[in-house]
Amino acid sequence: NGRAAWNIDNGFVLDDVGQSDIGVFGNPVIRTPTIDQLAGEGMRFDNAFLTTSSCTASRASILTGLYPHNTGAPNLGDTLPASVQSLPQLLKNAGYYTASIGKWHLGEPFKTHFDRVVEMREDSGTIDWLPELEKRPSDKPFFFWFASHDAHIPYDWHPPLVSYSPDDVLVHPWSKDAPYERAMLAQYYNEITRADRTIGRVIQALKNSGVLDNTIIVILSDNGTTYGGAKTSLYDEGLKTPLIMRFPSRIKASSVNQQLVSSVDIAPTLLTAANVDVPSSFPGVLLWPTITD
């Protein structure tokens, strides 16, 4: 039917993580070996911006390829209507197996755009990632939206993977440098490291099943960090996202993209890769020209 042969694993969505709080984006303290490696095997986008800096509206925008005022869910806690067109729906109609695993946050009606939706059952929202990946049909290409709850407050996981010292964390230049702030940042770092570890397990599972290099990997966050008022602000710290894409057949390893890109560009870019027509109502532009040159 003209469908592309590769899979689209667009689901590594971090929660409340600023771009500057990932190792490969310049943080020398935090440990994100998996994300750093994926950037080394693909492309890092230094000027990737979200359409808004609040969870529900941002996630709705990424999935529908629309600006928040057109999705029907422009506010925190809104229900995304089933009537909108979306990336998972269009892929599902084209024969892809589509699944959302982890944090949902978009209401009941939009669940029909996926073949399967499994909401988070524990603190990180990642306990079902591997089991659900293993349940995917072997005769279909797939689209997974893996949505972590890390590193959203409250910070509630112990013992930490890495014992970050409050003395070592990097206090954001727009934040207050105080003991409480440093102590919370140390826990924030730990949850980012936990998310990185879970992403690594999924990557290894894809590799073990022989489909990693035939899968487009996309990593990003829904908005900036809670600290210093970055989240919900329209400053760069609230809107910049740590966007990374890995796809060896079309994306050169260790490449850095300085072009201005938006989260609404992701849906048309992935639809085009899957040889699915992009709706004329989608305002985003294709990233493939800037990715390849």
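What you see is a predicted model, and the numbers here were worked out from it, not measured in a lab. Numbers here simply count residues along the sequence, with the first being 1.
- Taking the side chain as every heavy atom from C-beta outward, Leu185 and His172 approach each other to under 4.5 Å.
- With sequence neighbours excluded, no residue forms a side chain to side chain donor-acceptor pair (under 3.5 Å) with Ser263.
- Rounding to the nearest 0.5 Å gives a distance of 9.0 Å between CG of Leu130 and CG of Leu206.
- Nearest heavy atom pair, residue Pro88 against residue Thr98, reads O-CG2, 3.5 Å.
- With a 6.0 Å cutoff to the six-membered ring centre and a 45° limit on the axis angle, Arg44 counts as a cation-pi contact of Phe25.
- One side chain, Tyr188 or Asp21, offers a donor N or O that lies under 3.5 Å from an acceptor on the other.
- Closest approach of Cys55 to Asn223, counting heavy atoms only: N-OD1, 3.2 Å.
- With 3.5 Å as the limit, one finds a donor-acceptor pair spanning the side chains of Gln204 and Asn208.
- Here His105 pairs with nothing under the ring-ring contact (aromatic ring centres under 6.0 Å, His included) rule; sequence neighbours left out.
- By the side chain to side chain donor-acceptor pair (under 3.5 Å) test, Asp277 pairs with no residue at all, sequence neighbours left out.
- Counting only heavy atoms from C-beta outward, the side chains of Val13 and Ser221 never approach each other to under 4.5 Å.
- Here the closest heavy-atom approach between residue His149 and residue Gly125 is recorded as CB-N, 4.4 Å.
- Within the structure, salt bridge (Lys or Arg N to Asp or Glu O under 4.0 Å) contacts touching residues 224-240 (residues at least two apart or in different chains) are Asp16-Lys231.
- Put simply, OG1 on Thr193 and CG on Leu161 are 6.5 Å apart, with the number rounded to the nearest 0.5 Å.
- Residue pairs meeting the salt bridge (Lys or Arg N to Asp or Glu O under 4.0 Å) criterion with at least one partner in residues 59-83, sequence neighbours excluded, are Asp15-Arg59, Arg59-Asp222.
- Leu63 and Leu286 end up in different hydrophobic clusters when Ile, Leu, Val, Met, Phe, Trp and Tyr side chains are linked at under 4.5 Å.
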Evaluate Val24 against Thr32 for side chain to side chain contact (heavy atoms under 4.5 Å, CB included), listing each step before the verdict. CA-CA 8 Å; Val24 73; Thr32 50; 5.9 Å; no
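- Looking at Glu122 and Ser124, their side chains do bring a donor and an acceptor atom within 3.5 Å of each other.
- We find the CG-CG distance between Asn257 and Asp46 to be 8.0 Å, quoted to the nearest 0.5 Å.
- Side-chain contact annotation: Tyr96 with Asp115, donor-acceptor N/O pair under 3.5 Å absent.
- Counting only residues at least two apart or in different chains, salt bridge (Lys or Arg N to Asp or Glu O under 4.0 Å) contacts with residues 175-189 comprise Asp177-Arg182.
- Contact check for Val278 versus Thr272: side-chain heavy atoms found under the 4.5 Å cut-off.
- The shortest side-chain heavy-atom distance between Val261 and Leu243 falls under the 4.5 Å cut-off.
- Contact check for Leu91 versus Asn93: no side-chain heavy atoms found under the 4.5 Å cut-off.
- Applying the salt bridge (charged side-chain N to carboxylate O under 4.0 Å, His left out) test to Arg250 and every residue at least two apart in sequence or in another chain returns nothing.
- A donor-acceptor pair shorter than 3.5 Å cannot be found between the side chains of Thr52 and Ser54.
- Between Gln89 and Ala82, the shortest heavy-atom distance links the atoms NE2-O, 4.5 Å.
- A pairwise comparison of heavy atoms in Leu87 and Ala267 identifies CD1-O, 3.9 Å as the closest pair.
- Applying the ring-ring contact (aromatic ring centres under 6.0 Å, His included) rule to pairs touching residues 252-293 yields nothing, sequence neighbours excluded.
- Residues Phe12 and Phe144 fail the side-chain proximity criterion, which asks for heavy atoms closer than 4.5 Å.
- Across Met245 and Ile251, no two heavy atoms sit closer than the pair CB-CD1, 3.7 Å.
- In the hydrophobic clustering, Tyr67 connects to Val264, either directly or through intervening members, whenever side-chain heavy atoms lie under 4.5 Å apart.
- Residues Tyr97 and Phe114 form no side-chain contact, since every pair of their non-hydrogen atoms from C-beta on lies 4.5 Å or further apart.
- The side chain to side chain donor-acceptor pair (under 3.5 Å) check on Ser53 picks up nothing, with sequence neighbours excluded.
- The NZ atom of Lys207 sits 8.5 Å away from the CG atom of Asp213 when rounded to the nearest 0.5 Å.
- For Ser100 (side chain) and Val117 (main-chain N/O), no donor-acceptor pair under 3.5 Å exists by modelled atom type.
- For the atom pair CD1 (Ile127) and OG1 (Thr198), the distance works out to 10.0 Å, reported to the nearest 0.5 Å.
- Legend: salt bridge (Lys or Arg N to Asp or Glu O under 4.0 Å) pairs involving residues 26-42, not counting sequence neighbours, sorted by first then second residue: Glu41-Arg246.
- Counting heavy atoms from C-beta on, the side chains of Ile62 and Trp145 come closer than 4.5 Å.
- Taken from OG1 in Thr241 to CG in Leu14, the straight-line distance is 8.0 Å, to the nearest 0.5 Å.
- Under the rule for a side chain to side chain donor-acceptor pair (under 3.5 Å), Ser20 has no partner lying at least two apart in sequence or in another chain.
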